[in-house]
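One structure is given here, and the rest of the page talks about it.
All values reported here derive from a predicted model rather than from experimental measurement. First listed ligand is number 1; within each ligand, the first listed atom is number 1.
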Amino acid sequence: MTRETLRIGLFGYGCVGQGLHDVLNSSSGLRTDIVKICVKDRSKKRRIAMSNFTFDKNDILNDPSINLVVELIDDAEEAFNIVSTAMKNGKNVVTANKVMVARHFRELVDMQDKYRVSLLYEASAGASIPIIRNLEEYYDNELLHSLRGILNGTTNYILTKMHNEGLDFSTALRQAQEKGFAESDPTLDIDGWDAKYKLCIITGHAYGLFLDPAEVFHYGIRSISTFDIRYAKEKGLKIKLVPYVGKTDENTITSFVLPRFISPDKYLYNVDDEYNGVITEAAFADKQFFSGKGAGGHATGSAVLSDISANSYGYKYEYKKYQQGTVSNHTRDLFLEIYLRYRKEKDRKMFGFKEVSEYFSSKFYKYVIGTVNLETLYSLRDQLPAMDVFIVKTGRKVMKARH
Ligand code: HSE
């Protein structure tokens, strides 16, 4: 296949944009030319000559010589404007913007068809781990039972530092910000939004369902306490933030994002710091484990580079699972076993625990381990931030949903 010379219009020159620039400068095999870089902030000092930059997006979008737009800004709605205009103008696009892809997934898939262009976004989920391309190409006909993992580098970094070094939450978060792992608004990381958006993107390729992120329950690590870390350590466990998607029957899946206890015999136990890990369970391939850096300019830049390279060969996602259309439903009606650390009995009661297996109460802390319905957790989603509680999925199997 002939390789097209790419004339790139780049949007954004932050952590990932600069990372990509470094990565492109050191990769000799690719014929690319960054024609212009569009940025917002006129006053920021840049590390390359100002003649490379523009502040007007139309300089890129209306330049017919530019055949690839690389979008790396963090304003999701502006990114959507840029990406959709670029596609309408017949340009292929590479993006790392998970918020934009997850929120506009279906529209973006349709636009690729309509305007006969390609949109690639490997960097949007798991950064350097090539999970989307694997789901598209390797698992295209596999019966995938489930996919779970660690998809947020910032929270994994925080949890690692709290567990291994006894750092407090805010110091660990500050370090993650300094290292360029966290989003500009770290709420996206610590409250589990980022992991959920990534899970929704992965679900599109794993099962062909373009979920509305609002339908997926997510919970983060903002309210973790030293008691929770100590509890996990005493049991020889670690706490990780784990998004999950899996089949509940032939044509139905469930998905959620929850902190989870991980024992040392599990793949995810040693996925520390900003690393991400993804475990797939499939009928024939059985269990597979992918791991790699999940955040940071160069790790994310490497995935963007891979998409740019794929683009030069004319690669497009085919959304094979969507074309097959075997999965059509998403359910939240299932029971999970959770650890709930809480203070007030009235809060505990709201969870509607069934089958409690452990209960502890002291002057300062209480916890309970038992099964709850995911639908109940979802119905509490707006109240949870105000409650003095922390939830961790135990990871033990609960047999069948009971009503
Ligand atoms: N803030 C994200 C993370 C960046 O920590 O994983 C990579 O998507």
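In summary, of the residues considered (V39, L10, T95, I82), a side-chain contact (heavy atoms from CB on, under 4.5 Å) with I73 occurs for I82 alone.
When only interatomic distances are considered, the shortest N/O to N/O separation between K98 and ligand 1 falls below 3.5 Å. Not a single N or O atom of A182, backbone or side chain, sits closer than 3.5 Å to an N or O atom of ligand 1. An N or O contact shorter than 3.5 Å is missing between A295 and ligand 1 by distance.
The list of side-chain hydrogen bond (donor to acceptor under 3.5 Å, both in side chains) pairs with a residue in residues 108-120, not counting sequence neighbours, reads Q112-Y319.
In this structure, atom 2 (C) of ligand 1 lies nearest to the protein heavy atom E183 OE2, 3.1 Å. The single protein non-hydrogen atom nearest to atom 6 (O) of ligand 1 is G153 N, 2.7 Å, given as residue, atom name and distance. Protein heavy atom in closest approach to atom 5 (O) of ligand 1: T154 OG1, 2.6 Å.
Relative orientation of the Y367 and F360 rings is parallel, given thresholds of 30° and 60° on the angle between their planes.
Against a heavy-atom cut-off of under 4.0 Å, F181 is close to the following atoms of ligand 1: 1 (N), 2 (C), 3 (C), 4 (C), 5 (O). Ligand 1 places these atoms under 4.0 Å from at least one heavy atom of D189: 1 (N), 2 (C), 3 (C), 5 (O). Of all atoms in ligand 1, numbered sequentially from 1 with element shown, those under 4.0 Å from a heavy atom of K198 are 2 (C), 3 (C), 6 (O), 7 (C), 8 (O).
Residue-ligand proximity: G294 is placed with a non-hydrogen atom under 4.0 Å from ligand 1. Residue contact annotation: E274 has no non-hydrogen atom under 4.0 Å from ligand 1.
Counting only distance, with no hydrogens or angles, the side chain of S309 and the backbone of L305 share no donor-acceptor pair below 3.5 Å. In this structure, the side chain of K293 does not engage the main chain of N276 through any donor-acceptor pair within 3.5 Å.
Partners of E137 by side chain to side chain donor-acceptor pair (under 3.5 Å), not counting sequence neighbours, listed by chain and number: Y315, K320.
Heavy atoms from both the backbone and the side chain of N152 come within less than 4.0 Å of ligand 1.
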Walk me through whether M111 and V109 qualify under side chain to side chain contact (heavy atoms under 4.5 Å, CB included). CA-CA 6 Å; M111 273 194 258; V109 171; over 6 Å; no

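Ring centroids of F289 and Y267 are separated by less than 6.0 Å, placing the two rings close together.
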